[in-house]
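Just so it is clear: chains get the letters A, B, ... in the order the sequence lines come, proteins before strands, and each one is counted from 1.
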Amino acid sequence: MPSLQRRRWANVAAIYCFLLLFSVAFMGPFVFALLSSLKDNPTGWPPSLVVNQLKPSNWAAAYRLAKEGGGSGLMGGLGPGGQISFEITYYTQAGQEPAPPEVVIPRRVIGGAAQALRVEHWASDYVQVVDLQEVGREPLEDGLLTTYRFTLVNTAPVTLGEVPMDLTVPMRQQFVSATLAPNRIERLGRTQSWNNVSAGLLPYVFANYARVFRENYSVSTGKQLFTLWIRNSLFLAAVRVLTTLLFASMAGYALARLRFPGRTGIFAFMLFSMMIPGQVTFISNYLVLRDGIFGLSKLFGVSTLLNTYSGLIISGLVGASSVFIMKQFFERLPASLEESARIDGASTYTIFWRIMFPLARPALGALTILTFQSVWNEFFWPLVVITSPADKYPLTIGLLNLQRAYGAATFDWGPILAGTFISALPVLVLFIVFQQYFVEGISFTGTKG
Amino acid sequence: MRRRSSQGLGERLAPYVLLAPFLFTLIVFFGYAFVRVFYFSFTDYDLFATPKWVGLKNYLNIFRDIDFTLAMKHSLTFMLVVTTAQTVLALVLALVLNQRIRGINFFRAAYYMPSVTSSVVITLIFIWFFQRRGVMNFLISKFQEYRGIVGLFLLLAAALQLSLVGWEKLRRRPVSLFEPSFLFLSLLLSFIVVFSAVRFGLLTPREVAPVDIIWFNTTKKWPNFLGSLAFPVPLGAIMLFNIWTTAPTFMLLYLAGLQDIPRELYEAAAVDGAERWHMIRYIVIPQLKPITFLVVTMGLIGTLQMFDQVAILGGQAPRQSTITLAYYIYSNIFPSSATPRVGMASAAAMFLAILTSVIVYIQRKVLGEEGDHA
């Protein structure tokens, strides 16, 4: 007989199952994309949860190889005269005689021809392979495991940042394991290929992340574009948060607590504006910025506000929804707060600035987070206003650019996914720390009436 | 006296001074813009030459433009499917999550994660997810391989459940068809049976070639039985991930609403012997009406202006499979070739504005206005 106790227990179990199922549905794609952003090939088939870059054995190897070569274990590098010893094990079937691999240091750099300009000293010119020898054999039931060891020596007078390596063996000799797992296996398994054997721990694990920064630089200034984009987005978000906090609380206070002709009209107009898509009004707004806000910007010696942050900032001083949130907040404060100040003869400005604005702190907190999030994520309007140069893009437009850069021929998803996660990081951190404000923010707009 | 009167003027102007920055953006970047676009919709403006009045020509032209009719169809389908699906999903999620159990905060945060990141981030992840050799096709392949086995599992579970409930009924005990403890037991038992059958090789998954659905670069439509109402596959993919990102936000709104429902209502219903489903049907859903109203309004407005996903997909999907009204307007102002057609774009923009207003108005009529609690 299903007792009440048992029923309750089954209920809880069922709910947890549901919760987990939904979590997989909502978080799954995210988490899997995050894992894949570390992979050498994020579109490998079948998709797998195994990531070489997340195996502690590879971490240890990457660290040790870089250290051994005279570089920094964390950041990598093969120092002048540095030596790296490397081991690799192959499997051969019974009856087949194992052959030592052919070791080649190719003239290659990750990221294609454009990256080649960056390289001053090629590892292929300086690194020599010495002491290639067989160091062990282990017979199996149906075959043989053979291990070879060799040493890479840097004869250059400088530290080499990238040392790619290719090992090739005859047909049917299968790769089993190596000091460091190869980045790719090519030519039907005959060639094992490494991007950088002296990468060091961090560049090895976050190779795709490093590529995002390293491989995208400005044509005009030579600076790293991705750093610029992050800085631009931070700057825009900071300014917009400040203007929004100030102007939204001013307007919200006026609409909520003051009685004046036109109040209901303004409020209705504001609600109407919240309903109309930005794509309706952007045609005129684009022209207004192009002409420098009716030519006013010429007073400051600027003929157009397109491709300027001033344009983005002026057109987005304060949004209707922020005013709405502040209006809702001020309406909930008790009237007694300002009545006594008014009797004392304080002006509206004093009351606002000295009494109401400081009281609005909780709402301002939520508004800060929400504004930061919306500016950081804004896409349509910056796409219209900021078209060139790439130095000026905010991060969202930069990501679009990144997608085009790596998606030109075949998609190189590693850096695209890496860039995606870097750009999502600030908002995710904010969300985790200030979760309460996000929820409050929705419920503020949620009590619309 | 002078001082007092000047202070009076300052006081009278104070509201407008406080409102000034907001009014500036509202008037210049909304009011003026709206009127100007309305004016442009009657002209042949091309961003450069002086606009010439052409009357209603643009409005006639957009309805002759095959791109526009496609865009309108896509936007309306998108709106209907996404708004309905995300509202229902949000409500179901909220009903499940509205429990006092440990760790609920973690799950709430997890579900909300997709909604806080930008559309660019989400869209890029999804483009990757829906690649030809991507995770989506992999999951579909796996599903096809294990379809038979999953079916067997469900059948077995249903049979178990029925026999358990039947046995209980035979012994004249009151029991519901979906008695949770039985359901749990049946699912668990049937899982163990099927899993061990697969483990020991009694059941083998079907041999299926990897599914090779092209999600983006295709003009195919789906589902076939809908005929001309079927929507393009790329649009369907966008719908899927739009529902995925917005449902959690609305779920949070529903959760807040659920917590506002007075406990006495449930208790009274429980005393009257109401079943769980009846409680949901006659108490919870009516009490949540204001939230539903809000969620549907926000859904309608949001889906009608869908733009980002189409722009980010860009050349990866054919234009006629993804174009929406918002994208139609944008691409007429900034066409990749040819001169900008501001007149037609403005006409389409006015159409979008009117469409949004009309749909929101109809929605108010249907769901009933809930604004009187302001």
### Query
Under a 4.5 Å heavy-atom cut-off, does chain B meet the side chain of A:Pro261, its backbone, both or neither?
both

### Task
Flag the pair B:Leu124 / A:Leu417 as yes when at least one side-chain heavy-atom distance between them is below 4.5 Å, and no otherwise.
no

### Query
Can you say whether the rings of B:Phe334 and A:Tyr286 are parallel (under 30°), tilted (30 to 60°) or perpendicular (over 60°)?
perpendicular

### Query
Considering only heavy atoms from C-beta outward, does the side chain of B:Gln316 approach that of A:Gln403 to under 4.5 Å?
yes

### Task
Decide yes or no for B:Tyr32 and A:Thr281: does some side-chain heavy atom of the first lie under 4.5 Å from some side-chain heavy atom of the second?
no

### Query
Is there any residue in residues 114-121 of chain B with a non-hydrogen atom under 4.5 Å from a non-hydrogen atom of chain A, and which ones are they?
B:Pro114, B:Ser115, B:Val116, B:Thr117, B:Ser118, B:Ser119, B:Val120, B:Val121

### Query
Do the non-hydrogen side-chain atoms of B:Leu93 and A:Phe26 ever get within less than 4.5 Å of each other?
yes

### pair A:Leu383-B:Phe307: side-chain heavy atoms closer than 4.5 Å
yes

### Task
For the residue pair A:Ile416 and B:Trp128, establish whether any side-chain heavy-atom pair is separated by less than 4.5 Å.
no

### Task
Output the option from A:Phe22, A:Phe272, A:Phe247 having the highest count of non-hydrogen pairs under 4.5 Å with chain B.
A:Phe22

### Task
Would you confirm whether A:Trp45, through its side chain, and B:Phe138, through its main-chain N or O, come within 3.5 Å as a donor-acceptor pair?
no

### Message
Checking an interface table here. Which of residues 374-382 of chain A come within a heavy-atom distance under 4.5 Å of chain B?
### Response
A:Asn377, A:Phe379, A:Phe380

### Task
Would you check if A:Gln279 and B:Tyr327 make a side-chain contact, meaning some heavy-atom pair closer than 4.5 Å?
no

### Expected output: side-chain A:Arg290 to main-chain B:Leu47 donor-acceptor under 3.5 Å
yes

### Task
Determine whether A:Tyr16 and B:Phe107 make a side-chain contact, defined as any pair of heavy atoms from C-beta on separated by less than 4.5 Å.
yes

## Note on the structure
Smallest heavy-atom separation, B:Pro15 atom then A:Ala254 atom, equals O-CB, 3.9 Å

### Message
Tell me if the aromatic rings of A:Phe32 and B:Phe129 count as close, with their centers under 6.0 Å from one another.
### Response
no

### Task
Would you name the heavy atoms of A:Ser284 and B:Ala33 that are closest together and state the gap between them?
OG-CA, 3.3 Å

### Task
Of all the heavy-atom pairs spanning A:Ile276 and B:Ala353, show the shortest one and how long it is.
CD1-CB, 4.0 Å

### Task
Could you look at B:Arg36 and say if it's the side chain, the backbone, both or neither that has a heavy atom under 4.5 Å from chain A?
side chain

### Task
Could you tell me which non-hydrogen atom of B:Ser346 sits nearest to which non-hydrogen atom of A:Ile283, and how far apart they are?
OG-CD1, 3.8 Å

### Summary
Of B:Gly314, B:Gly257, B:Pro210, the largest count of non-hydrogen pairs under 4.5 angstrom with chain A goes to B:Pro210

#### Entry: Interface moiety of A:Phe260 toward chain B, non-hydrogen atoms closer than 4.5 Å
both

#### Entry: Contacting moiety of B:Thr245, where chain A heavy atoms sit under 4.5 Å
neither

#### Entry: A:Thr348 backbone acceptor or donor facing B:Glu11 side chain under 3.5 Å
yes

### Task
Side chain from CB out, backbone as N, CA, C, O: work out which of these in B:Val35 comes under 4.5 Å of a heavy atom of chain A, or both, or neither.
neither

#### Entry: Approximate separation, where rounding is to 0.5 Å, of A:Met270 CE and B:Phe30 CZ
12.0 Å

### Task
Answer yes or no: does atom CZ of A:Phe294 have more than 12 heavy-atom neighbours from other residues, nucleotides or ligands under 6.0 Å?
yes

